[in-house]
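This report concerns only the one structure given below.
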Amino acid sequence: MIRLNDITSNILSYHPIADIGLIEKAYVYSAKVHKGQVRLSGEPYLTHPLEVAGILTKMKMDEVSVASGLLHDTVEDTLAELTEIEHLFGKEVAGIVDGVTKISKIHFLRKEIQQAENIKKMILAMATDIRVLLVKLADRLHNMQTLGFQPPEKQGAIAKETLDIYAPLAGRMGIYWLKSTLEDLSLFYLEPKNYEDIRLGIAQRQEGQEKFIREIKEILSKKLSESTIKATIKGRNKHFYSIYQKMMEQDLNVDQVYDILAFRIIVNSVKDCYEVLGLIHSMWKPVTGRFRDYISLPKANMYQSLHTTVISSLGERMEIQIRTWDMDRISEEGIAAHWRYKEGDGSGKEMDRQYSWMRQLLEWQKSLTDPKEFLETVKLDLFSSEVYVFTPKGEVKELPRGATPIDFAYSIHSEIGNRCIGAKVNEKIVRLTHQLKTGDIVQILTSKNHKPSKDWLKFVKTSTARTRIRQWIKKEERKDSLTIGRDILEKELKKVNLNLSRLLGSEQLLDVVHRFSLKSVDDLLANIGYGKISAKQVLNRLVPHLGIKEDKAEGFVQKIVHKIKRKREDTGIKIKGMSDMLIRFAKCCHPLAGESVIGFITRGRGVTIHSKKCRFIRDADPDRLVGVEWEPSEDVSYLARLKVTNISKKGMLANLSAIFTQCEANILDANVQTTIDKKGISTFTIEVSDYAQLRDIILKIKKIKEVLKVERV
């Protein structure tokens, strides 16, 4: 078992000014709260946080990370409170412990394996401080090293979770020794027979391979010395899991896998890397398609190296990696390697220039001189535009940032979304406008009788939710329009002694449908209900086919027209592409002849005419707006209201009345008031023939010296 002295010695070896007192204090506290607890192995529970802290020193982490490793299970497995951790050890440590605790609560089931990528993204999004993830990876490594004490059914589940989630995360962090170790441990429990075959296969070849490795190293050393290149050469067997992957991909057994050896050449400069590559390719034949240049095109986790596979003079395939010492350190330690560059040697600036692409992965400072400076500011911002939330059954859903319970409901099923009446987030009732956060557990409350609201379109974020809501609204509006259209057409047909039910499916009615460029009778009825086609238009096209005299039909239509409060001819309005429509003027804006206007189709009530400046039109459904224009008319008059604010003076009312008389506008109502600050406010309701007449009146009133403001109300 690792001891506290080992941990403190390790951290001082690479970080001499580390706050050892913080680590010792965390050790004492952890020993106190875990007292009496034992692991399945029978060892005291304290052995686990000690081993985790030891792994973190191997990863060369700072004292805050190591202290957090000692405390990472205190909140989850003891009576310790997070507030107490913060009080004793500060916000940094408390934040890391809290993050590790939250990630540990994620339950990964075998049936959710296909969601592995979403879970990886979610964990990354939760780990806003990179140290949270590194402590969790250290925790997972020690748990895998002691997995043999778990029941067999748990061994498989934990190993699968490690292989699908945590090993790839270690790779993303650039810590390849940790990735390989987790993969090999997972393989041991998931594929014990294959693991044993690989182990025996390598053992049987071991003596010959060791001799081969020595010979290759000697050849390389001699060749590099001749070129005056200083280098360190390492040879080893590939990791078990990489051999297993090759066996599965190429359907081979272990005896048929030949390229199981890997060499690493570490040199002093990038120039030397490419020179060594040239020497190797001049000595041995490279395998086509197996060369990778990760120096000029680094991986997103900062990894850099040259990879090539060659065939030796003995016919053996071998993989060779060529890198500098800095690249090798990053390969071993991942992103944690960056804070260890010494101040004053220029490495920090050079790294900032060379790894500018790393900004895609991390938000970091330009000066990377010590662990506190770097690790305090490093944030994982890979998935800042997404949130990852759970269903009550543990399924992970990926949604855009700002998504609401409505978005979540539609991501499950359109019917769940349509019937959503409320939601619980983490067991608490929330509003439907509530914005979800990564890690939330969301439960949707539904009702069979509930329907989507048009207001939902104002706050939903996903295109799925928006599309489904609009589809439902259009579907319901079509149902209403079909009913209204059927009623309108039936009443119109009865006037000429025709029955709609008998006409359905007839060639005559279908011909009318096609002449309107529609596909079905239902489309025709819906358009009548929307007000896009009038029943009279249908009747006019249908009558000639049925042999009914036009004047008879016209007489019945006229009876309907007379029931309208204001006949179409009286309105002075022409609807573009339509005729004989029910027309009303909006009371919200009182449009006048000559003013820019637009029509709004109201189901079953014809077209309502609005001023284009009307507030109602700004928020109206654009599909229900139609172009309209004024027709010349001498007999129609319109009402308008004017509000005049002026300096109080005798004779003002007479002056205003004179202008109305001069402009031939009839005053129907007048209201005059005087304010405390000696201002007169007069409101007039007048009768005008068109917008031009009203504009003329307003301009004349504005010319009066004492008038402050004229406005239409």
Side-chain angles (χ1 to χ4, degrees), residues 82 95 98-109 111-128 132 165 379-480 619-621 623:
L82 190 63
D98 185 39
V100 175
T101 303
K102 286 177 178 176
I103 291 174
S104 298
K105 290 179 180 178
I106 299 173
H107 299 292
F108 181 83
L109 306 176
K111 65 181 180 179
E112 295 168 357
I113 288 169
Q114 68 274 14
Q115 290 199 80
E117 189 58 34
N118 269 0
I119 294 176
K120 280 185 282 186
K121 289 179 182 178
M122 186 189 69
I123 291 172
L124 284 168
M126 290 173 71
T128 51
V132 171
I165 306 299
K379 302 290 181 184
L380 279 174
D381 200 28
L382 283 173
F383 308 105
S384 60
S385 59
E386 291 90 27
V387 294
Y388 298 88
V389 295
F390 289 112
T391 67
K393 292 183 179 179
E395 183 182 353
V396 178
K397 293 289 182 181
E398 178 182 347
L399 298 169
R401 187 164 297 279
T404 65
I406 296 293
D407 295 292
F408 178 85
Y410 278 106
S411 74
I412 298 172
H413 195 280
S414 57
E415 281 303 306
I416 301 294
N418 289 342
R419 296 174 180 176
C420 176
I421 58 170
K424 285 184 178 181
V425 175
N426 303 325
E427 297 298 323
K428 294 181 180 179
I429 296 287
V430 297
R431 294 176 180 270
L432 292 179
T433 55
H434 175 83
Q435 293 190 358
L436 302 175
K437 297 177 181 178
T438 292
D440 282 345
I441 301 173
V442 186
Q443 180 183 355
I444 299 299
L445 309 176
T446 61
S447 170
K448 289 183 179 180
N449 300 322
H450 194 68
K451 300 175 182 178
S453 167
K454 220 172 190 177
D455 291 336
W456 291 359
L457 293 171
K458 296 176 182 177
F459 57 80
V460 293
K461 297 294 181 183
T462 60
S463 58
T464 299
R466 196 174 297 279
T467 300
R468 296 290 182 270
I469 294 166
R470 283 176 174 162
Q471 283 177 349
W472 190 92
I473 291 171
K474 286 186 177 180
K475 184 179 176 182
E476 290 301 304
E477 286 182 346
R478 182 175 171 83
K479 285 182 183 177
D480 293 342
D619 301 322
D621 183 351
D623 291 339

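- The minimum heavy-atom distance between Ser411 and Leu399, with the atom names listed, is CB-CD2, 4.2 Å.
- Counting heavy atoms from C-beta on, the side chains of Leu445 and Cys420 never come closer than 4.5 Å.
- Side chains of Asp407 and Thr404: a donor on one and an acceptor on the other come within 3.5 Å.
- Qualifying side-chain hydrogen bond (donor to acceptor under 3.5 Å, both in side chains) partners for Ser414, counting only residues two or more places apart in sequence or in other chains: none.
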> So Phe408 and Val389, side-chain contact (heavy atoms from CB on, under 4.5 Å) or not? Walk me through it.
Replying inline: CA-CA 9 Å; Phe408 178 85; Val389 295; 3.6 Å; yes

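- Applying the side chain to side chain contact (heavy atoms under 4.5 Å, CB included) test to Arg466 and every residue at least two apart in sequence or in another chain returns Leu457, Val460, Arg470.
- The shortest distance between side-chain heavy atoms of Ile444 and Pro405 falls below 4.5 Å.
- Remark: Asn449 pairs with Ser447 by the side chain to side chain contact (heavy atoms under 4.5 Å, CB included) rule, at least two apart or across chains.
- Contact detail for Gly417 and Trp456: the closest heavy-atom pair is O-CZ3, 3.4 Å.
- Partners of Arg419 under the side-chain hydrogen bond (donor to acceptor under 3.5 Å, both in side chains) rule, at least two apart in sequence or in another chain, are Glu415.
- To the nearest 0.5 angstrom, Tyr410 atom OH is 4.0 Å from Asn418 atom CG.
- Side chains of Phe459 and Ile406 form a contact here, defined as non-hydrogen atoms less than 4.5 Å apart.
- Closest heavy-atom contact between Lys454 and Ile473: CG-CD1, 3.6 Å.
- Distance alone, capped at 3.5 Å, places no donor-acceptor pair between the His450 side chain and the Ile421 backbone.
- The closest side-chain heavy-atom distance from Pro400 to Thr462 is below 4.5 Å.
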Hey, can you pull the donor-acceptor pairs under 3.5 Å for the side chains in residues 423-436, sequence neighbours left out?
unit_1 : atom_1 : unit_2 : atom_2 : d
Asn426 : OD1    : Ile441 : N      : 2.9
Asn426 : ND2    : Asp440 : OD1    : 3.0

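- Scanning for salt bridge (Lys or Arg N to Asp or Glu O under 4.0 Å) contacts around Lys448 gives an empty result, with sequence neighbours left out.
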